[in-house]
Amino acid sequence: MKSKEFELIKEMLQMQAKLDEQIMKEYGLTEINKENLRMAILDEVGELTHELKGSWCWWKKTQAPVDNDKVLGELVDIWHFVLSYQNHFNHGEKTLLGYSYDKEIADDFLENLIAKKYMLPIALSVLVRNKDSIIMVLVAITEYIGFTIEQVYEAYCDKNKVNYQRLKEGY
């Protein structure tokens, strides 16, 4: 991972903090529940795996092929909740300052995915189980399924605007 990618992640963390603040204000919340946040991540992981179904569903002849735009959309939804988790329970961008350590986590995780030492379902479950380095695991998963942090950033910014509009409209 390059320093530019870390800067994009830091910017997304800041954007997510502002969005979460607005959501909490709108709904009169003083905190975000860790268990509910993990359930939200799990729910989005399910939606991602559904969009990836064309790559792993061997028993259904009529399964639609994978649509990368939809996959990216679901991946970005996971990013929103993982960024929230990072901000609320892992000290936000402060923990990203250990650049070399965090880089090693993402790189090692990605290498293990590529080498099939970790399988994608296990990697996705780590997003719900792991409390530390969750964001670096998501970086590795993102790269493994074929997206760059720059692509995620662009899609995140677009979805962030949608989320503000939804908040305004009482979603």
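Annotation: the span from Ile122 atom CD1 to Lys117 atom NZ amounts to 16.0 Å, rounded to 0.5 Å. Of the inter-residue distances, the one linking Gln86 atom CD with Leu13 atom CG reads 6.0 Å to the nearest 0.5 angstrom.
The nearest pair of heavy atoms linking Thr148 to Thr142 is O-CG2, 4.3 Å. The shortest non-hydrogen separation linking Leu113 to Ala123 is CD2-CB, 3.7 Å. Nearest approach of Tyr156 to Val76, heavy atoms of both residues: CA-CG1, 3.6 Å. Taking every heavy atom of both residues into account, Gln151 and Leu72 meet most closely at O-CD2, 4.2 Å. Nearest heavy-atom pair, Asn90 versus Ser133, reported as atom, atom and distance to 0.1 Å: ND2-N, 4.3 Å. Lys18 and Tyr164 make their closest contact through C-OH, 3.4 Å (heavy atoms, listed as atom of the first residue, atom of the second, distance).
Using a 4.5 Å heavy-atom threshold, the side chains of Val139 and Phe6 count as separate.
Residues passing the side-chain contact (heavy atoms from CB on, under 4.5 Å) test with Phe89, sequence neighbours excluded: Lys34, Leu37, Tyr85.
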Considering only distance and modelled atom types, tabulate donor-acceptor pairs under 3.5 Å from the side chains of residues 51-59, sequence neighbours left out.
{"from": "Ser55", "atom 1": "OG", "to": "Leu52", "atom 2": "O", "distance (Å)": "2.7"}
{"from": "Trp56", "atom 1": "NE1", "to": "Thr49", "atom 2": "O", "distance (Å)": "3.1"}

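Between the side chain of Glu47 and the backbone N or O of Glu74, no donor-acceptor pair lies under 3.5 Å. Asn112 contributes a side-chain N or O that, together with a main-chain N or O of Asp108, makes up a donor-acceptor pair within less than 3.5 Å.
Judged by distance alone, the side chains of Gln22 and Glu26 never bring a donor and an acceptor atom under 3.5 Å apart. Tyr153 and Glu5 form no side-chain donor-acceptor contact under 3.5 Å, judged by distance and modelled atom types alone.
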Evaluate the criterion salt bridge (charged side-chain N to carboxylate O under 4.0 Å, His left out) for residue pair Lys4 and Glu7; output intermediate values, then yes/no. CA-CA 5 Å; Lys4 178 186 175 190; Glu7 291 303 315; over 6 Å; no

